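Worth saying up front: this structure is predicted, and the values here are computed from it rather than measured. Lettering follows sequence order; numbering is per chain, from 1.
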2 protein chains.
Amino acid sequence: MEYTINRLAKLAGVSTRTLRYYDELGLLCPARISSNGYRVYGQKEIDLLKQILLYRELGVPLEEIKKILSSKDFDEQVALEKHLSALLSKQRQLDLLIANVEKTIKELKGEIIMNDQEKFEGFIKKQIDDNEKKYGKEIRTKYGNDKVDRANNKLMGMSKEQHSELENLTDELNETLKAAFEQGDPSSEMAQKTYELHKKWLCFYWDSYSKEAHKGVAQMYVDDPRFTQYYDKIAVGCAAFLRDVVFVFCK
Amino acid sequence: MEYTINRLAKLAGVSTRTLRYYDELGLLCPARISSNGYRVYGQKEIDLLKQILLYRELGVPLEEIKKILSSKDFDEQVALEKHLSALLSKQRQLDLLIANVEKTIKELKGEIIMNDQEKFEGFIKKQIDDNEKKYGKEIRTKYGNDKVDRANNKLMGMSKEQHSELENLTDELNETLKAAFEQGDPSSEMAQKTYELHKKWLCFYWDSYSKEAHKGVAQMYVDDPRFTQYYDKIAVGCAAFLRDVVFVFCK
DNA sequence: TATAAACCATTACGCAACGTCAATGTCAAT
DNA sequence: ATTGACATTGACGTTGCGTAATGGTTTATA
């Protein structure tokens, strides 16, 4: 089957300008030029266009698509499987965004409150993708799957009052931690208060508390750069200090 | 909580350039400018940015986002529900694309064969993108620009009750149309009821009604495959029947 | 206290991927 | 023979930023 530029455009759902542009780039040239100067596309071009559009959909620049497709060691099947996983990832991302919008509607109705970070969950592609791929797995395997899930659920269904209480608690914890850290002794009174606040804070997220899990989390603060960064914002070394505190009182 | 430009950027997963650009456009201006000339963003700006990013995600141009958000009769909840349905539609689209890739892999393995049309299923964003971009424009030129704009605004700013009223009306219209169509006579009593419901329905979208415009729209149902498809879902030939009905009673 | 590192500002040029004329040629059908 | 749909090639315009370049401010460290 041969196609004129318009027919191909309609078939593929792109504009004729796009096809001419792709021709200009050398990305998708017609099979032949008819005697009247018209572009004529054949079967091969259809398949090629399809591949191009797939890459385009995934945000790959046209120049790069050109390189990829003209590369000698291009394996279509491998590429397709990559596409598939990329699309699945996109799907998860979209799920997050949808969840976000649903949450936002709830917030508008006054049923819940979202914190600033939550508000942008689902928008940030890289971070979440990375988070899930890089850290998500680690956390889930290392610290137990259901705990993380339940934490999420608990946050989801939190009431306004609970939410502001949590915020206050967070502030108090951070202040106390800072003060204790400045004193420098992980077994001081201030450190004990920090420990208790941290425990209380954790129980906001957890359904069941255990000292073992508490220690695990504290260790995580040091092991996982994401958490280290968070606590070290208060003061450098704070993450390690908090772990020490927890290990002192968790026995 | 106040944010500097960098912090907000990190929170939202955008670049500082983007935030400055949005400021320049007047789309998202900082809450205040600090004495040293730095931009300072507050809570309100965070929520606004979120809304902006949602619209952006759905492919709405920034200028239009600005108009929408600054519009007086902007109803956030209605907008969010629209977003939700748009995202769900996007999700379905993505499902199609994924199915396409899976099929393509099978084709490569020689398990099946795809025809040319199938090859592009899932690429063509008939539902959202085309709606807004391709036909949106056509409608604008063909049936008057401001009418469509006002229709959008009207939909945007519709209250809950109005919205559900519209839904009920839509259902009633479809049912009546179906019944009239089954009788087969475009000048029957049932047809007249259909006509009146359709007029009422149109007036939900229009500020001013004219028989000419009504006829134009009815003709469009036949001319424009998108609408034809919609009405022919009720029963094949329904679009043409509705046009006939309108032409009978619009005189 | 000096100095580097980090963060802020504005201005301005650049670019990808087309959209959109404009001017013109070709084909199919009335 | 003309009309209308469809084709061609320029060439300029647009959106949404990226990316310097240049210079002031704040914070951390030596």
Side-chain angles (χ1 to χ4, degrees), chain A residues 2-41 49 52-68 123 125-126 229 232-238, chain B residues 2-41 49 52-67 123 125 129-130 132-138 140-141 223:
Chain A
E2 293 200 321
Y3 290 89
T4 65
I5 197 166
N6 223 330
R7 289 181 182 236
L8 179 56
K10 271 178 190 159
L11 179 69
V14 300
S15 73
T16 58
R17 176 69 173 96
T18 300
L19 292 179
R20 288 200 192 95
Y21 181 57
Y22 289 179
D23 184 10
E24 193 187 327
L25 289 185
L27 182 59
L28 179 73
C29 301
R32 60 189 181 81
I33 303 290
S34 142
S35 62
N36 50 28
Y38 289 10
R39 289 175 179 80
V40 178
Y41 296 90
L49 177 56
I52 291 169
L53 293 184
L54 243 174
Y55 276 104
R56 189 183 71 165
E57 184 76 24
L58 296 172
V60 181
L62 298 182
E63 274 302 327
E64 208 164 319
I65 297 178
K66 192 179 161 188
K67 275 186 213 162
I68 293 169
F123 283 106
K125 306 190 179 183
K126 255 195 190 169
Q229 195 190 4
D232 280 6
K233 248 186 226 157
I234 298 171
V236 178
C238 227
Chain B
E2 293 200 321
Y3 290 89
T4 64
I5 197 168
N6 225 325
R7 288 182 184 233
L8 179 58
K10 273 179 190 159
L11 178 70
V14 299
S15 72
T16 57
R17 175 70 176 95
T18 300
L19 292 179
R20 290 199 192 94
Y21 182 56
Y22 289 177
D23 184 10
E24 193 187 326
L25 290 185
L27 182 58
L28 178 74
C29 302
R32 59 190 181 81
I33 303 291
S34 135
S35 61
N36 50 29
Y38 290 10
R39 290 174 178 83
V40 178
Y41 297 90
L49 177 55
I52 293 169
L53 293 184
L54 242 174
Y55 276 103
R56 189 184 71 166
E57 185 75 24
L58 295 172
V60 181
L62 298 183
E63 273 303 328
E64 209 163 316
I65 297 178
K66 192 180 159 185
K67 274 186 214 160
F123 282 106
K125 303 174 183 180
D129 253 52
D130 267 21
E132 278 190 355
K133 283 182 189 165
K134 210 170 135 198
Y135 287 105
K137 234 176 206 167
E138 213 174 289
R140 271 161 212 260
T141 52
D223 292 344

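- In this structure, A/Ser15 and A/Ala9 approach most closely via the heavy-atom pair C-CB, 4.1 Å.
- Between A/Asn6 and the phosphate of D/dA7, there is a side-chain N or O to OP1/OP2 separation shorter than 4.0 Å.
- Within residues 27-36 of chain B, no residue is approached by DNA chain C to less than 4.0 Å at the level of any non-hydrogen atom.
- Taking every side-chain heavy atom of A/Tyr38 into account, D/dC6 is the closest of D/dG24, D/dC6, C/dC18.
- Listed nucleotides C/dT26, D/dC17, C/dC18 differ in distance to B/Thr18; the shortest reach to its side chain belongs to D/dC17.
- Separation of atoms NZ (A/Lys66) and CG (A/Leu25) is listed at 7.0 Å; rounding is to 0.5 Å.
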Below 3.5 Å between N/O atoms, which protein atoms pair up with nucleotides 11-13 of chain C? Just atom names and distances, please.
none

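- For C/dC18, the OP1/OP2 oxygens have no side-chain nitrogen or oxygen of A/Ser15 closer than 4.0 Å.
- If you take CZ of A/Arg7 and P of C/dA28, they are 11 Å apart, rounded to a whole angstrom.
- Here the shortest heavy-atom pairing between B/Leu8 and B/Tyr41 reads CD2-CG, 3.5 Å.
- The interatomic distance linking B/Ile52 (CD1) with D/dC17 (C1') rounds to 15 Å, in whole Å.
- To the nearest 0.5 angstrom, B/Asn6 atom CG is 11.5 Å from B/Leu11 atom CG.
- Contact annotation for B/Ile5: backbone-only contact, meaning every heavy-atom pair under 4.0 Å involves sugar-phosphate atoms and none involves a base.
- To the nearest 0.5 Å, atom CZ of residue B/Arg20 and atom CD of residue B/Glu24 are 11.0 Å apart.
- Mapping B/Tyr22 and A/Gly37 onto DNA chain D via the closest heavy atom, the residue that lands nearer the 5' end is A/Gly37.
- Here the P atom of nucleotide C/dC18 and the CG atom of A/Leu49 are 11 Å apart, to the nearest Å.
- Checking the phosphate oxygens (OP1, OP2) of D/dT9, a side-chain nitrogen or oxygen of A/Arg39 falls inside 4.0 Å.
- Once rounded to the nearest 0.5 Å, the distance linking CD1 of B/Ile52 with CG of B/Leu28 reads 4.5 Å.
- Residue A/Thr16 places none of its side-chain N or O atoms closer than 4.0 Å to OP1 or OP2 of D/dC6.
- You won't find any donor-acceptor pair under 3.5 Å spanning the side chain of B/Tyr21 and the base of D/dG18, going by distance alone.
- The minimum heavy-atom distance linking B/Ala12 with B/Leu49 is given by the pair CB-CD2, 3.5 Å.
- Spacing between atom CG of A/Leu19 and atom C1' of D/dA7 amounts to 13 Å, rounded to whole angstrom units.
- A salt bridge does not link A/Glu64 with A/Arg56: none of the charged nitrogens is closer than 4.0 Å to a carboxylate oxygen.
- Taking five base pairs at each end of the helix from C/dT1-D/dA30 to C/dT30-D/dA1, the local helix axes there meet at an angle of 10°, rounded to 10°.
- Ion pair A/Arg32/A/Glu2 flagged as a salt bridge, since at least one NZ, NE, NH1 or NH2 atom sits closer than 4.0 Å to an Asp/Glu carboxylate oxygen.
- The separation between A/Leu8 atom CG and D/dA7 atom P is 11 Å, rounded to whole Å.
- The backbone N or O of A/Gly37 lies less than 3.5 Å from no partner atom in the side chain of A/Ser34, so there is not a single donor-acceptor pair.
- With rounding to whole Å, B/Leu62 atom CG is found 9 Å from D/dT15 atom P.
- For the side-chain contact (heavy atoms from CB on, under 4.5 Å) with A/Leu53, the lone residue among A/Ile65, A/Val14, A/Thr18 that qualifies is A/Val14.
- Between the CG atom in B/Asp23 and the OG1 atom in B/Thr16 there is a gap of 12.0 Å [rounded to 0.5 Å].
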